[in-house]
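In what follows, a structure is listed as structure tokens, so that the remarks can point back to it.
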Protein chains: 2
Amino acid sequence: MRAGAGTELVRDGDEPGAYANVMSGVVKLTKTLEDGRRQVVGLQFAPDFLGRLYGTENRLGAEAASDVELCRMPRAALEKLVENNPPLENRLMRQALRELDEAREWIVMLGRKSAAEKVASFLYLVATQSRPGGVQQGRAEFRLPLNRTDIADFLGLTIETVSRQLSLLKAEGIVEMDKLRDVVVPDLDLLREKCG
Amino acid sequence: MRAGAGTELVRDGDEPGAYANVMSGVVKLTKTLEDGRRQVVGLQFAPDFLGRLYGTENRLGAEAASDVELCRMPRAALEKLVENNPPLENRLMRQALRELDEAREWIVMLGRKSAAEKVASFLYLVATQSRPGGVQQGRAEFRLPLNRTDIADFLGLTIETVSRQLSLLKAEGIVEMDKLRDVVVPDLDLLREKCG
DNA sequence: CGGGTGCTTGAGTTTGCTCAACGGGCGTGG
DNA sequence: CCACGCCCGTTGAGCAAACTCAAGCACCCG
């Protein structure tokens, strides 16, 4: 299955119909408060598994951040498979633990870092997570999988603050950007230092 | 094994020597940035499992928030046990997934809620998680498992801000407090509304 | 060429932080 | 027993970081 950027894959509150594997692209996981405040709570890069095992209701929404390819499988089938296949359960367990580590890393970032550090951390995350563009001897080129609104919702900031901090990083020569989305980081270590 | 409030149970960066079950009390999980900024990334209430399966190094510190009783078991023994005991692995998997849900809930809180909402959310969390004091028809009495510094580090605030927000909640009659730690919430719904 | 969307930039405001003083509870020592 | 100091929490005043509101720009598409 393929989905274009922006497609809503899972709606918060729905009953989970299927699980999926992310084959390519980036999926963002979101939560929204009653009054509309939104927060991106996770990003899934290929080849992550998508879906909450054992849940009876989705507690978050999922949306294609970029164009994505998914490999979907029905709920019942996967749960059956997991039950009779300890190695698979083990693999999923390890992913869950890794996601928990990442979530806690993100909690530190949200709780204790400044806006500048948050933006730097986000760029660093994307630079190191998404191979496609390529990383070589400290230089990274990649395409942002999120627009400014999503970045802001990921970092717990406003889009204006994100924009300003990106401009500052550009002015300092730590990142270079063409056309809003394509990023070059000449020296990852320099960026790393901005992460706090 | 017993440990008094404040005891350091696991040091960040150490090799994990043992796993444990929290039998009573509350354990706080913390992360610290190089410059000393600290963030509490999770609270474990009884009967949670403590320890990162499959990790070769602890990525966080653990400290007794209150007096705790732990049931420790050596690393190798538990891993062996898990390997030959799918139901146990399943149980741990479910806890990991639950912790992930909680971590994401917390991400929303840190990213998008005001100081007042954060403090209310914290009180609500403790009121509903810790049975001991007792919850009856919307009224809750309990003892805070964390001092002001830890609450601040949990919420991503300063202790002054936490203190001010608590004073405001007291002034509004939403919570009553004696002796700094003992809390009465006459109407949980009122508190719930403050959570955003 | 006009309108729309997404991003940037500026000006003023608000929220939460910093720094500082103060107060209560408690243990220690006179 | 009281005096003192310490720890922890509270409160106040001023400040800084990030938000809000508003204007303007670049790009895309019809």
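These figures come from a predicted structure and were not determined experimentally. Every chain is numbered from 1, with letters handed out A, B, ... down the list of sequences.
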(message) Let's see if you can work this out: which of dG16(C), dT20(D), dT8(C) has an atom nearest to the side-chain heavy atoms of A115(B)?
(response) dG16(C)
(message) Has Q95(A) got a side-chain atom pairing as donor or acceptor with F49(A)'s backbone, closer than 3.5 angstrom?
(response) yes
(message) Can you tell me how far apart CZ (R143(B)) and CG (L180(B)) are? Round to the nearest 0.5 Å.
(response) 9.5 Å
(message) For the backbone of V10(A) and the side chain of D14(A), can you confirm whether one donor and one acceptor N or O come within less than 3.5 Å of each other?
(response) no
(message) Checking contacts here: which listed nucleotide (dT11(D), dT8(C), dC7(C)) is nearest the side-chain heavy atoms of S167(B)?
(response) dT11(D)
(request) Please state how far atom CG in L169(A) lies from atom C1' in dT8(C), giving the value in whole angstrom units. (result) 15 Å
(request) Return the residues of residues 173-183 of chain B meeting this criterion: a heavy atom under 4.0 Å from some atom of DNA chain C. Order them by number, or give none. (result) none
(request) Figure out the CD1/C1' separation between I159(B) and dA20(C), and round it to whole Å. (result) 13 Å
(message) I'd like to know if the side chain of R112(B) reaches the main chain of L157(A), judged simply by a donor and an acceptor atom lying under 3.5 Å from each other, with no hydrogens or angles considered.
(response) yes
(message) Given dA22(D), dG16(C), dT10(D), identify the nucleotide with an atom nearest to the side chain of E160(A).
(response) dA22(D)
(request) Report the distance from atom CG of D153(B) to atom C1' of dG9(D), rounded to the nearest whole Å. (result) 15 Å
(message) Of the options dT8(C), dT10(D), dA18(D), whose atoms approach the side-chain atoms of S114(A) most closely?
(response) dA18(D)
(request) Measure the distance from CZ on R37(A) to C1' on dT15(C) and round it to the nearest whole Å. (result) 13 Å
(request) May I have the distance from L168(A) (atom CG) to dG10(C) (atom C1'), rounded to whole angstrom? (result) 14 Å
(request) Check the distance between dA17(D)'s P and K113(A)'s NZ and give it to me in whole angstrom. (result) 18 Å
(request) Determine the interplanar angle of the F122(A) and F154(A) rings, folded into 0 to 90°, and report it as parallel if under 30°, tilted if 30 to 60°, perpendicular if over 60°. (result) perpendicular
(request) Just call it for L166(B): base, sugar-phosphate, or nothing, with non-hydrogen atoms closer than 4.0 Å on any strand. (result) nothing
(message) Which nucleotide wins on minimum distance to the side chain of R164(A), given the candidates dA13(D), dG16(C), dT9(C)?
(response) dT9(C)
(message) Just so I know, are the side chains of L144(B) and V183(B) near enough to count as touching, which here means a heavy-atom distance under 4.5 Å?
(response) yes
(request) Could you tell me the separation between the CD atom of Q165(A) and the C1' atom of dC7(C), rounded to a whole number of Å? (result) 15 Å
(message) Taking R59(A)'s backbone N and O only, do any of them form a donor-acceptor pair with K31(A)'s side chain (distance below 3.5 Å, no angle check)?
(response) yes
(request) For dA18(D), take OP1 and OP2 only and decide whether either is under 4.0 Å from a side-chain N or O of T158(A). (result) no
(message) Quick check on dA17(D): is either OP1 or OP2 less than 4.0 Å from any side-chain nitrogen or oxygen of T161(A)?
(response) no
(message) Among dC19(D), dC7(C), dT10(D), which nucleotide has an atom closest to any side-chain atom of L157(A)?
(response) dC19(D)
(request) Tell me whether the OP1 or OP2 atom of dT8(C) has a side-chain N or O from R148(A) closer than 4.0 Å. (result) yes
(request) State whether the side chain of N147(A) and the backbone N or O of T149(A) hold a donor-acceptor pair below 3.5 Å, judged by distance alone. (result) yes
(message) Expressed as a whole number of angstroms, how long is the span from L155(B):CG to dC17(C):P?
(response) 10 Å
